[in-house]
Amino acid sequence: MTNWTVEEFMEDIRKETETQFQKEVSEASHQEIYFAISAIVNHQIDKDWEKTNKLYKNKKPKQVYYLSMEFLIGGLLKSNLLHHQMLDVCNTALEKLGLEPEEIYKQEHDPGLGNGGLGRLAACFLDSMASMRYPGHGFGIRYRYGLFEQRIINGYQTELPDYWLDNEYPWERRKPEEAIEIIFGGTVHMHKKYDGSLEFNYENTDKVLAVPYDIPIVGYQNQIVNTLRLWSAEHTSAESPLEFKDYYHEIDHQHTIEQISGFLYPDDSSHEGKHLRIKQQYFLVAASLKQIIREFKNNGNNDLQKLHEKVVIQINDTHPSLAIPELMRILMDEEGFSWDNAWMVTTKTFAYTNHTIMSEALEKWPTDMIQHLLPRLYMIINEINERFCQGIWFDHPELRLEIPKMAIIADNQVHMARLAIVGSFSVNGVAKLHTEILKQQEMKEFHQLYPGRFQNKTNGITHRRWLLMVNPRLSDVISETINDRWIYRPRELTHLLRHIHDKPLLTSIGKIKQQNKQELANVIYRMTGIKVDEQSIFDVQIKRLHEYKRQLLNVFHIMYLYNELKDNPTLDITPRTFIFGAKAAPSYYFAKEVIKLINTMAEIINHDPTIHDKLKVVFLENYNVSLAEKIIPATDLSEQISTASKEASGTGNMKMMMNGALTIGTLDGANIEIKNLVNESNIFLFGLRAEEVYHYYHSGEYQAYEEYQTDERITQIMNQLRDGLYGYYEFKDIYYHLLSTNDSYFVMKDFADYVETQQCVDQVYRNKDEWLSKSLINIAHSGKFSSDRTIKEYASSIWKIDNI
Ligand SMILES: *Cc1c(COP(=O)(O)O)cnc(C)c1O
């Protein structure tokens, strides 16, 4: 490992700016300095990367491949510096050169290659695998345009293209010599060969070249560098334009190639049956499988019958589940396997993670679309379905009546979750409650058919990025108190519990929170011009905007407090700053109205002198990983208020807890597990339980209109939405939507309990010592939510792999 002195590092920065830009450091722009430092780090990475690849080649361990349509990796300069033990030296060197380190780090454009939690989870997993020396790699798509950049204009969300490759991206390495040809469309012809076996020939297909771009995944100070391989779609050079059989078709195809790795679909937790999206999915799957098999063979294995002994493929939600029929196709059509042998290998190779039970998110593709685009794969999916349904009919007569609910192909649609369950040896949910709901409700027939296939792996977050990197002050104090072993063994954060009565410790944790809040206040001022009170409660809800996440419930609370203050300006409440960050899918009208509502309340409240700055509302635009990194260390109160049963796990809840925030939340997703650790007295719980939510859905007992009419506070808020807020803005659509859907996410039903619980928050916050000791208890238990724990569980009970 490197032991740079500050002087050496400064010298290297000078050398790099000289060779790359022929400039003195003093003449170089921040961006040029950023590139210079990236180059220094890259020299180190390349050495370790080669060593790691050699290590894997020699030891030939079983490898994990994590297939995901999204990887929300965030900025890499700072984390790569940290993981190479260079961050402190670099900071000091920059300061000595008269530069503000953060100014340099923020030159990096976040690759927005994910929507939210699912993509960020994939990134945390890669970090944990490398840091714990597991041979695990990611496969994804190198979208030229990541998730849109959000601007708030007149309170409305507008979307701008996120062209993150504007400048060179220093962390990727293009590998054109490892490109792979992918085939779409055409017609399939079946021939019987002399020996009786079948041969499949394709005609009039479209070809796309998948070119890999590798991003190093640097383990934490352990010299391991794993690989995230992102595929880019390019033209194959083979055919010349003169040979075009169908000119218009060819033009169309050339256009499609541009689009395949063109942009990331901006929908989170919802599914649209778009042609291009399934092309993206097949593109990822086909390229990755070819690469996996190539590597398997390059490692001297020539018996694909043993593929599963050296390879396990985790599919992140159903998005990459075409990998199942694609592997069948390769084994049978290209490697001469029988169906049964191919199926045996396939079902020992794949494991599937389910991320949601919300019906609008479950992927279903029209059969004719798959048939047209992937004719051979469609034949295979059909055969999987036939055999599966017949298997139930003959071997599980008790499930015969359930066949329509379980069939992979039903109503002219391919049900991807069913395909994924049937084709995998493991299906996992992402928090205990979520897994129970899968087993007992949403997938209960499958659980009955395959007892033992379902298991739980509660999500996690990398504590290296989400504590060590983003909150260095807190990390230092923790290390001074309990020693720095927690960095390698995050569970040791529980040793903080021995210091629960350590007044000076609590004081310094309080001070650090205050400093972090001060820094966030500066960010808020720079971004919005709003001055917030750093002594106020920083009440934060940051996550995708979705009805089920109930940002609207938070707004109802704000409107309620404001109405109270208007009636009684001397009302004794603890000052609060409500902070939001959230992107809405561009076509999600309701979600966009909620953004406008938040901004409208901000406009009204922040400019009302009569409430004496007791409330402020801030909407920070373009929520992404780097903004999260600034907000989370400064959070006092973490809003995790989804309708119970809807949030599969949540990971934002874990990040904020780890930084000393207290949670206000429902008993949903991982909140339940947080509660079990910290105890009910150190979390603010409210609202319907999952069973109650199910009960109301089934019984039809809940009447939203009654709720609206009986609770005067709700009546007032709803009427304000309908008639105009304080005589001005109207949000009739939200009003009518809530009533016409019978408040299907129980915003009004949970309102009273939420307000009451927020009053508890207000009271507890007044007692600084009490708040701080709860905060410490949360930090102390957060080690359980390190993704290191999650990855260890995957490794031992799904992947069956060892670290190297
Ligand atoms: C952690 C994270 C999420 C997930 O947040 P939830 O509150 O669990 O939905 C989404 N986006 C970004 C940028 C994140 O860092």
Side-chain angles (χ1 to χ4, degrees), residues 65 67 69 113 138-145 165 169 172-189 199-215 227-265 274-298 319-320 322-323 325-335 369-380:
Y65 299 98
L67 262 59
M69 289 288 283
L113 308 184
F139 279 115
I141 293 179
R142 181 182 180 267
Y143 305 101
R144 274 194 311 287
Y145 293 89
L165 294 165
Y169 184 61
E172 65 181 7
R173 321 275 192 268
R174 181 181 160 92
K175 302 269 176 67
E177 68 284 1
E178 294 183 45
I180 286 171
E181 196 176 88
I182 311 293
I183 290 173
F184 286 100
T187 47
V188 192
H189 299 281
E199 188 178 73
F200 294 87
N201 296 312
Y202 301 78
E203 237 176 50
N204 298 324
T205 54
D206 294 320
K207 297 189 176 70
V208 181
L209 201 62
V211 180
Y213 285 75
D214 288 352
I215 296 175
T227 302
L228 168 58
R229 173 160 283 198
L230 301 180
W231 300 102
S232 174
E234 296 185 8
H235 304 259
T236 53
S237 51
E239 279 162 294
S240 84
L242 295 173
E243 289 165 23
F244 289 170
K245 292 166 204 91
D246 176 342
Y247 181 76
Y248 290 103
H249 176 85
E250 193 56 30
I251 296 285
D252 195 36
H253 174 57
Q254 297 298 317
H255 183 59
T256 301
I257 295 174
E258 312 264 301
Q259 289 182 339
I260 286 178
S261 51
F263 73 98
L264 165 72
Y265 276 93
K274 290 272 162 65
H275 221 88
L276 180 58
R277 170 77 176 181
I278 196 146
K279 286 187 186 174
Q280 294 183 326
Q281 295 184 349
Y282 182 69
F283 174 75
L284 164 66
V285 153
S288 307
L289 275 183
K290 259 209 175 135
Q291 175 63 30
I292 290 167
I293 290 173
R294 177 152 82 188
E295 245 168 62
F296 176 78
K297 291 183 173 172
N298 282 348
H319 315 151
L322 286 175
E326 174 67 3
L327 181 58
M328 288 295 287
R329 186 192 67 76
I330 294 171
L331 293 176
M332 293 190 300
D333 298 1
E334 295 177 8
E335 304 284 342
M369 205 155 118
I370 299 206
Q371 196 166 14
H372 179 244
L373 200 65
L374 306 164
R376 177 64 184 132
L377 239 56
Y378 183 68
M379 295 166 73
I380 294 171

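By the 4.0 Å N-to-carboxylate-O rule, E335 lies close enough to K297 to be salt-bridged with it.
Side chains of I292 and F296 form no contact here, defined as non-hydrogen atoms less than 4.5 Å apart. For the pair H249/D206, a side-chain contact is recorded, criterion being any heavy-atom separation below 4.5 Å from C-beta on. Q291 has its side chain within reach of E295: a pair of non-hydrogen atoms, C-beta onward, lies under 4.5 Å apart. Here the side chains of L374 and F184 are in contact, with some heavy-atom distance below 4.5 Å.
The minimum heavy-atom distance between V188 and P375, with the atom names listed, is CG2-CB, 3.5 Å. A pairwise comparison of heavy atoms in L67 and S288 identifies CD1-CB, 4.3 Å as the closest pair. Closest approach of Y213 to S232, counting heavy atoms only: CE1-CB, 3.5 Å. The two residues R329 and L377 have their closest heavy-atom pair at CD-CD1, 3.9 Å. Of all heavy-atom pairs spanning Y143 and M69, the tightest one is OH-O, 2.7 Å. Residues D214 and R229 come closest through the heavy atom pair OD1-NE, 2.7 Å.
Of the possible polar contacts, one joining the S261 side chain to the A233 backbone as a donor-acceptor pair under 3.5 Å is found. For R142 (side chain) and E172 (main-chain N/O), no donor-acceptor pair under 3.5 Å exists by modelled atom type. The backbone N or O of K207 lies less than 3.5 Å from a partner atom in the side chain of H253, making a donor-acceptor pair.
Between the CD1 atom in I182 and the CG atom in L289 there is a gap of 9.5 Å [rounded to 0.5 Å]. Here the CG atom belonging to L209 is positioned 6.5 Å from the CD atom belonging to E234, to the nearest 0.5 angstrom. I380 contributes atom CD1, which lies 12.5 Å from atom CD1 of I370 (distance to the nearest 0.5 angstrom).
Taking the side-chain hydrogen bond (donor to acceptor under 3.5 Å, both in side chains) definition, one finds that N201 meets it with H191, sequence neighbours left out.
Side-chain atoms of H235 and E258 form a donor-acceptor pair, as typed in the model, at a separation below 3.5 Å.
No more than 12 heavy atoms of other residues, nucleotides or ligands lie within 6.0 Å of NZ in K274, so this atom counts as exposed by the packing criterion. Crowding of H189 atom NE2: a count of heavy atoms from other residues, nucleotides or ligands under 6.0 Å exceeding 12. Counting heavy atoms of neighbouring residues, nucleotides and ligands inside a 6.0 Å radius, atom NE2 of H372 does not exceed 12 of them.
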Would you tabulate the side-chain donor-acceptor contacts of residues 277-287 under 3.5 Å, counting partners in other chains and residues two or more places apart, or write 'none'?
residue, atom, partner, partner atom, Å
Q280, NE2, I260, O, 3.0
Q280, NE2, F263, O, 2.9
Q281, NE2, E363, OE2, 2.7
Y282, OH, E326, OE1, 2.8
Y282, OH, E326, OE2, 3.3

Requested in this report: Please assess L230 against L113 for the test side chain to side chain contact (heavy atoms under 4.5 Å, CB included), listing each intermediate value before the final yes or no.
Outcome: CA-CA 10 Å; L230 301 180; L113 308 184; 3.7 Å; yes
